[in-house]
A.B. asks: 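Just passing along the structure, written as structure tokens.
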Amino acid sequence: MTSVRAPTRRAIVAGMLGAGASLALPQAPVRAASGPPPFGTIRHQFTLVQGARPVPQVAIPALAGGALDLTSFKGRMVLVNFWATWCAACRTELPMLDRLAASGRNDLAVVAISTDRNRALVPPYVKQFKLRSLAIGFDPGGLISRVDAAELDTPFALYGMPISFLIGVSGQVEGYMTGEADWLSAEAGRLFDYYAGGAR
């Protein structure tokens with residue numbers, strides 16, 4: 001039978017001092033080995049899209065007249081936001097996206113596409129929120145967006161409302177963010193900087 005010795009007072013004090021010293025040492029920040037910098041909110045995170053297809057060339061009716069083509073922004077990032085007039089979170093996010101569009105960032109285009117079935121609701125809504133810099137389009141019939149995977153072969157799946165997709169300089173969807181997000185934050189700026197260099 002072996003006897004178990006109780007730890008001495010000296011051993012206990014030494015252990016406590018060692019633990020305290022390790023807690024006092026500055027800890028190196030944890031960084032991802034590769035990939036974009038983190039961006040998100042308490043409820044949602046920017047989600048990477050693996051193996052995304054190129055954005056389809058589709059003429060999207062524009063509020064200002066004519067059409068929007070998401071493939072026309074060669075060499076620039078495009079933040080594509082899908083929204084609706086009935087969406088409460090869109091009321092917060094759209095003015096922020098309008099300020100982002102007016103920020104003078106030349107390597108980024110911002111496009112907001114309404115999914116409202118009643119197109120007549122959109123112009124007064126845009127006027128009410130004084131959205132002057134956003135390129136605004138209509139997609140009530142699902143020209144480029146889809147709710148169900150079987151409906152349309154497109155990289156724009158509406159997992160929530162609002163939802164924003166970031167198209168990289170390669171012309172492919174890099175990732176998406178559901179829910180409202182602070183696109184004017186320093187974290188969002190770092191995300192744009194990362195993809196502006198053509199990283200993938």
Side-chain angles (χ1 to χ4, degrees), residues 44 46 49 52-148 151-169 171-185 188-189 191-192 195-196:
H44 305 284
F46 182 76
V49 173
R53 297 178 307 282
V55 172
Q57 185 173 3
V58 178
I60 305 162
L63 177 63
L68 296 169
D69 179 0
L70 298 178
T71 64
S72 67
F73 300 97
K74 298 292 184 187
R76 297 170 71 191
M77 297 173 291
V78 186
L79 186 64
V80 184
N81 175 267
F82 290 91
W83 63 281
T85 56
W86 51 261
C87 164
C90 299
R91 293 174 175 267
T92 303
E93 191 173 47
L94 282 170
M96 193 179 310
L97 290 170
D98 191 62
R99 290 196 300 277
L100 178 63
S103 69
R105 183 160 187 153
N106 296 325
D107 57 358
L108 176 68
V110 186
V111 178
I113 300 176
S114 168
T115 59
D116 283 280
R117 294 192 182 278
N118 185 353
R119 191 168 163 171
L121 296 173
V122 178
Y125 187 92
V126 168
K127 187 175 181 181
Q128 175 190 352
F129 287 94
K130 300 176 181 174
L131 306 176
R132 297 186 178 100
S133 299
L134 270 175
I136 296 177
F138 299 97
D139 191 25
L143 285 171
I144 60 165
S145 61
R146 60 182 166 85
V147 176
D148 186 292
E151 288 181 12
L152 190 66
D153 183 27
T154 176
F156 302 115
L158 303 184
Y159 301 118
M161 187 67 62
I163 185 168
S164 298
F165 294 85
L166 182 60
I167 302 171
V169 295
Q172 294 186 328
V173 174
E174 303 288 359
Y176 65 89
M177 180 86 168
T178 55
E180 64 182 270
D182 186 356
W183 294 105
L184 298 172
S185 67
L191 184 73
F192 295 140
Y195 284 113

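Along the sequence shown, the residues carry numbers beginning at 1.
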A.B. asks: Please, which pairs that meet ring-ring contact (aromatic ring centres under 6.0 Å, His included) have at least one residue in residues 89-129, sequence neighbours excluded?
C.D. replies: Trp83-Tyr125, Tyr125-Phe129
A.B. asks: Can you confirm whether Gln128 is buried at CD, in the sense that more than 12 heavy atoms of other residues, nucleotides or ligands lie under 6.0 Å from that atom?
C.D. replies: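 Yes, CD of Gln128 has more than 12 neighbouring heavy atoms, counting only those of other groups under 6.0 Å.
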A.B. asks: For the CZ atom of Arg105 and the CZ atom of Arg76, what is their distance to the nearest 0.5 Å?
C.D. replies: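 Output value for this atom pair is 11.0 Å.
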A.B. asks: According to side chain to side chain contact (heavy atoms under 4.5 Å, CB included), who are the partners of Ala89, at least two apart in sequence or on a separate chain?
C.D. replies: Cys87, Pro162, Glu180
A.B. asks: Determine the minimum heavy-atom distance between Gly137 and Ile60, stating which atoms define it.
C.D. replies: CA-CG2, 4.3 Å
A.B. asks: What I'd like to find out is whether the side chain of Asn81 reaches to under 4.5 Å of the side chain of Val110, using heavy atoms alone.
C.D. replies: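 No - every pair of side-chain heavy atoms lies 4.5 Å or more apart.
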A.B. asks: Phe82 and Phe165: side-chain contact (heavy atoms from CB on, under 4.5 Å), yes or no, with the steps?
C.D. replies: CA-CA 8 Å; Phe82 290 91; Phe165 294 85; 3.8 Å; yes
A.B. asks: Check the surroundings of atom CG in Asn106: do more than 12 heavy atoms from other residues, nucleotides or ligands lie under 6.0 Å from it?
C.D. replies: no
A.B. asks: Any donor and acceptor pair, going by atom type alone, linking the side chain of Glu174 with main-chain N or O of Tyr195 inside 3.5 Å?
C.D. replies: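 Answer holds: no.
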A.B. asks: May I have all residue pairs that pass ring-ring contact (aromatic ring centres under 6.0 Å, His included) and include part of residues 84-113, sequence neighbours excluded?
C.D. replies: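 Non-adjacent pairs meeting ring-ring contact (aromatic ring centres under 6.0 Å, His included): zero.
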A.B. asks: With rounding to the nearest 0.5 Å, note down the distance linking SG in Cys90 to CG in Leu97.
C.D. replies: 9.5 Å
A.B. asks: Over all heavy atoms of both residues, which pair between Pro123 and Ala120 is shortest? Give the atoms and the distance, please.
C.D. replies: CD-O, 3.6 Å
A.B. asks: Distance check, rounded to the nearest 0.5 Å: Leu121 atom CG versus Asp116 atom CG?
C.D. replies: 5.5 Å
A.B. asks: How long is the span from the CG atom in Leu68 to the CG atom in Asp139, to the nearest 0.5 Å?
C.D. replies: 11.0 Å
A.B. asks: List the atom of Ala196, the atom of Val169, and the distance in Å for their closest heavy-atom pair.
C.D. replies: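 Result for this residue pair: O-CG1, 4.1 Å.
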A.B. asks: Supply the atom-to-atom distance Ile144 CD1 to Leu70 CG, rounded to the nearest 0.5 angstrom.
C.D. replies: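 So the CD1 of Ile144 and the CG of Leu70 are separated by 5.0 Å.
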A.B. asks: To check you understand the geometry: which heavy-atom pair defines the closest contact between Val122 and Ser114, and what is its length?
C.D. replies: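 Scanning both residues completely, I find the closest heavy atoms to be CG2-OG, 3.3 Å.
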A.B. asks: Can you name the nearest heavy-atom pair linking Gln57 to Thr71, along with the distance?
C.D. replies: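 Minimum heavy-atom contact is CG-OG1, 3.6 Å.
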A.B. asks: If you define the side chain from C-beta out and look only at heavy atoms, does anything of Glu93 sit under 4.5 Å from Ser164?
C.D. replies: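 When only atoms from C-beta onward are counted, Ser164 and Glu93 do touch, with a gap below 4.5 Å.
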A.B. asks: Using every non-hydrogen atom in the two residues, find where Ala59 and Leu143 come nearest and quote the distance to one decimal.
C.D. replies: O-CD1, 3.9 Å
A.B. asks: Dump the intermediate steps for side-chain contact (heavy atoms from CB on, under 4.5 Å) on Tyr159 and Tyr176, then the final yes or no.
C.D. replies: CA-CA 10 Å; Tyr159 301 118; Tyr176 65 89; 3.6 Å; yes
A.B. asks: By the ring-ring contact (aromatic ring centres under 6.0 Å, His included) test, which pairs, at least two apart or in different chains, include something from residues 99-120?
C.D. replies: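 Passing the test, one end in residues 99-120: no pairs.
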A.B. asks: I would like to know whether Leu108 and Leu79 meet side-chain contact (heavy atoms from CB on, under 4.5 Å); could you show each step before the answer?
C.D. replies: CA-CA 7 Å; Leu108 176 68; Leu79 186 64; 4.3 Å; yes
A.B. asks: With sequence neighbours left out, what residues match Leu184 under side chain to side chain contact (heavy atoms under 4.5 Å, CB included)?
C.D. replies: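 With neighbours one apart ignored, the set is Met96, Arg99, Leu100, Asp182.
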A.B. asks: Start with the C-alpha gap between Asp107 and Met77, add the side-chain angles, then the distance that decides, and say whether side-chain contact (heavy atoms from CB on, under 4.5 Å) holds.
C.D. replies: CA-CA 6 Å; Asp107 57 358; Met77 297 173 291; 3.8 Å; yes
A.B. asks: Side chains of Asp98 and Leu94: closer than 4.5 Å at any heavy-atom pair?
C.D. replies: no
A.B. asks: Any donor-acceptor pair under 3.5 Å linking the side chain of Ser72 with the backbone of Asp69?
C.D. replies: yes
A.B. asks: With rounding to the nearest 0.5 Å, note down the distance linking CZ in Phe138 to CD1 in Ile113.
C.D. replies: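 Taking CZ in Phe138 and CD1 in Ile113, the distance rounds to 11.0 Å.
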A.B. asks: ring-ring contact (aromatic ring centres under 6.0 Å, His included): which pairs involve residues 88-111, sequence neighbours left out?
C.D. replies: none
